[in-house]
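Contents: one structure, followed by commentary.
Here is how names work: the chains are called A, B, and so on, in the same order as the sequence lines, proteins then strands, and each is numbered from 1. Note that these values count all heavy atoms, side chains included, but never hydrogens, waters or copies made by symmetry. None of the values given here were measured: they were computed from a predicted structure.
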Amino acid sequence: MSAAAAVCLTIIVATVAIGTAVGFLAGAREVMSLEQWTVGGRRFGAVLVFLLTAGEVYTTFSFLGASGWAYSRGGPILYVLAYLALAYVVSFFILPPLWELGCRVGMQTQSDFFAVRYGNRALAALVCVVGIACFVPYIQLQITGIGIIVAVASYDAIGRTPAMVVAVALLVAFVFARGIRAVAWVSVVKDALMVFATLAIGIGVPLVHFGGPAPMFAGLVHAHPRHLTMPGATPNLGHAWFISTVLLTSLGLYMWPHAFAASFTAKSADTLRRNAVVMPLYTLTLALIFFAGFAAVLIVPGLANGDLAMLTVVRQTFPPWFLGVVGGAGALTAMVPASIFLLTAATLLAKNLYRPLLAPTMSDDQVAGLARAMVVVLGIISLSLAIFSSSTLVSLLLTGYAGVTQFFPGVVLGLYSKRVTARAVFAGMIAGVGTALFLMLTHRDPLYGVSAGFVALCLNFVITISVSLFSRKPT
Amino acid sequence: MNARKPSIAALLLALVPFVAMCFTVSLWDRIEPMPLGIPFNLFWLICWIILTPLCMWGAYRVEAARDAGQGADR
């Protein structure tokens with residue numbers, strides 16, 4: 001192993017070790033009841049909720065994927081800036097009433113909401129199954145991300161598979177032992193590192209190679225005049241795609257079961273409302289990540305895998321210790337969301353699927369025990385998928401997004417309308433998920449330039465509303 | 001079981017960033033002019049990321065005033 005790789009790896013290992021230690025120390029004095037483990041006893045203030053939501057929104061996909069898209073696709077990547085800022089606008093109207101309802105009846109998961117609001121076990125179970133199905137590829141993607149980061153940052157001294165095995169073992173251990181509180185505090189370490197790394201990369205890369213962002217963009221416009229506007233380097237991602245995708249994903253962001261459940265950790269509805277006001281600013285860091293991706297078009301053209309663009313540019317621009325810091329931040333950036341997904345999926349499986357359907361007499365403590373066992377099982381499943389993964393990961397992920405957004409009509413109408421019925425939501429959700437799956441699996445996404453998930457969401461709304469009007473039986 | 005509906009004023013304030021960052025994409029998705037040397041579409045979105053919290057702060061004030069008014073009524 002070269003000296004550079006040794007320096008780099010030491011820093012990555014130290015970063016991950018410190019992050020994990022913070023997770024273990026956090027909440028060491030708390031007694032771990034089911035409510036403490038899943039929603040932190042509902043006592044998180046604005047700062048911790050901010051870090052927890054930021055921690056799960058900014059995943060490996062935004063760290064490596066955003067720069068990768070800026071590199072390989074160009075203009076269409078701008079949808080990320082728009083949809084994240086707008087998702088918080090949507091959350092302003094959804095999360096506070098959700099929290100109030102959740103607090104009143106003790107909800108911990110998304111499926112709880114559907115069970116309580118609609119009083120229908122089949123609907124709650126459907127939400128649960130769709131949610132878990134959408135999670136598996138998302139967890140798998142994070143684990144693969146860790147593998148890529150460690151392999152590149154160690155100058156290929158460590159293979160992907162051992163890196164992924166160690167990372168999964170660590171994250172299963174601290175989720176198993178400490179629950180949501182551990183995750184929130186690891187987010188603190190990870191976010192501090194990531195903001196530092198992003199600033200340094202976004203400003204440093206254009207400065208070192210071009211003397212600043214302005215000459216870098218001037219050079220890029222000169223060399224590739226079409227790269228920076230839509231559809232960029234793609235054939236069909238134009239303005240209709242942009243509008244439909246921004247709507248789909250901004251409505252869908254908080255429909256992910258973990259984001260939905262994270263709102264229950266807040267100590268008041270007002271915390272969530274204030275959080276929704278300031279969160280868009282966090283999106284600015286992503287604009288800097290785009291700078292690195294665009295710079296890579298000129299510095300390292302012709303990479304086969306766009307997801308490697310940012311790390312490759314960093315390796316060419318900065319000393320090895322800095323690559324180590326970026327690698328450590330990147331590894332934590334994958335581990336934090338992966339552990340939140342594991343925790344949410346395990347809780348859904350144990351509390352909302354196993355107990356109501358198979359063992360109604362289980363106590364909360366037994367459910368907590370089963371959920372912890374499920375963390376281990378799901379960790380192993382996702383790890384095996386990641387080790388034997390194929391290149392269709394990104395398409396699986398987009399299918400997941402199109403899937404979870406189908407919860408939106410049931411949530412927003414459930415909160416604000418008296419007339420919507422369980423049967424209508426069930427029918428709309430089946431139609432929406434079915435349409436999205438069909439269009440994506442038959443490669444009809446985008447459909448006439450419009451995102452397939454958005455087409456499915458429109459159909460879902462139409463069916464939910466019309467069945468509600470026809471059944472005329474208020475719930 | 002139903003939540004209180006948000007006020008029209010708050011919804012209109014929330015609509016502003018949607019119009020600016022989503023529906024009007026055809027108007028601002030271009031490279032020229034380049035303020036500070038940044039392509040216009042990227043510059044526009046960065047500006048609106050900063051302006052969105054201002055709109056939502058307005059919506060927050062509207063909703064908070066309504067909450068306070070309703071508390072006094074009871």
Notebook entry, point to check: Checking side chain to side chain contact (heavy atoms under 4.5 Å, CB included) for the pair Val246(A)/Phe23(B): CA distance, chi angles, key distance, verdict?
Noted result: CA-CA 9 Å; Val246(A) 167; Phe23(B) 301 122; over 6 Å; no
Portion of [X] that has a non-hydrogen atom of chain A nearer than 4.5 angstrom:
X        : result
Ala64(B) : neither
Trp44(B) : neither
Thr52(B) : side chain
Leu45(B) : side chain
Ala59(B) : both
Leu11(B) : both

Next item on the list: Would you sort out whether Phe291(A) and Ile38(B) count as a side chain to side chain contact (heavy atoms under 4.5 Å, CB included), showing the intermediate values?
Entry: CA-CA 10 Å; Phe291(A) 283 20; Ile38(B) 297 172; 4.2 Å; yes
Nearest-0.5 Å distance that lies between atom [atom1] in [X] and atom [atom2] in [Y]:
X         : Y         : atom1 : atom2 : value
Thr229(A) : Leu42(B)  : OG1   : CG    : 12.5 Å
Ile50(B)  : Thr283(A) : CD1   : OG1   : 11.0 Å
Phe93(A)  : Met56(B)  : CZ    : CE    : 4.5 Å
Ile49(B)  : Leu284(A) : CD1   : CG    : 5.0 Å

Next item on the list: Might you work through the side chain to side chain contact (heavy atoms under 4.5 Å, CB included) test for Leu228(A) and Phe40(B), ending with a clear yes or no?
Entry: CA-CA 10 Å; Leu228(A) 290 168; Phe40(B) 189 75; over 6 Å; no
Next item on the list: Report the option among Pro97(A), Gly75(A), Pro213(A), Ser417(A) that has the most heavy-atom pairs separated by less than 4.5 Å from atoms of chain B.
Entry: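 Between Pro97(A), Gly75(A), Pro213(A), Ser417(A), the count favours Ser417(A).
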Checking heavy atoms, do the side chain of [X], its backbone, both or neither come under 4.5 Å from chain B?
X         : result
Ser250(A) : side chain
Pro225(A) : backbone
Val221(A) : side chain

Notebook entry, point to check: Which atoms form the tightest heavy-atom contact between Ala218(A) and Met34(B), and what is the distance?
Noted result: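 What the structure gives for the nearest pair is N-CE, 4.5 Å.
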Notebook entry, point to check: Where is the tightest heavy-atom contact between Phe217(A) and Gly37(B), given as atom of each residue plus distance?
Noted result: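 Where Phe217(A) meets Gly37(B) most closely, the heavy atoms are CB-O, 3.4 Å.
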Does the side chain of [Y] come within less than 4.5 Å of [X]'s, by heavy atoms?
X         : Y        : result
Ile243(A) : Cys22(B) : yes
Val90(A)  : Phe18(B) : yes
Tyr416(A) : Pro6(B)  : yes

Note to self: Are more than 12 heavy atoms, taken from residues, nucleotides or ligands other than Ile8(B), located less than 6.0 Å from that residue's CD1 atom?
What the structure shows: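 It does not: Ile8(B) CD1 has 12 such atoms or fewer within range.
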Checklist line | Most contacts with chain A, counted as non-hydrogen pairs under 4.5 angstrom, among Pro39(B), Ala10(B), Pro17(B) | finding: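 With the most close heavy-atom pairs to chain A, the winner is Pro39(B).
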Note to self: Quick check for you: among Leu36(B), Ile31(B), Val25(B), Asn41(B), which has the greatest number of heavy-atom pairs under 4.5 Å with chain A?
What the structure shows: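 Winner by heavy-atom pair count: Val25(B).
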Note to self: Please check this pair: side chain of Asp29(B) against backbone of Met230(A), looking for a donor-acceptor N/O pair closer than 3.5 Å.
What the structure shows: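 At least one qualifying donor-acceptor pair exists.
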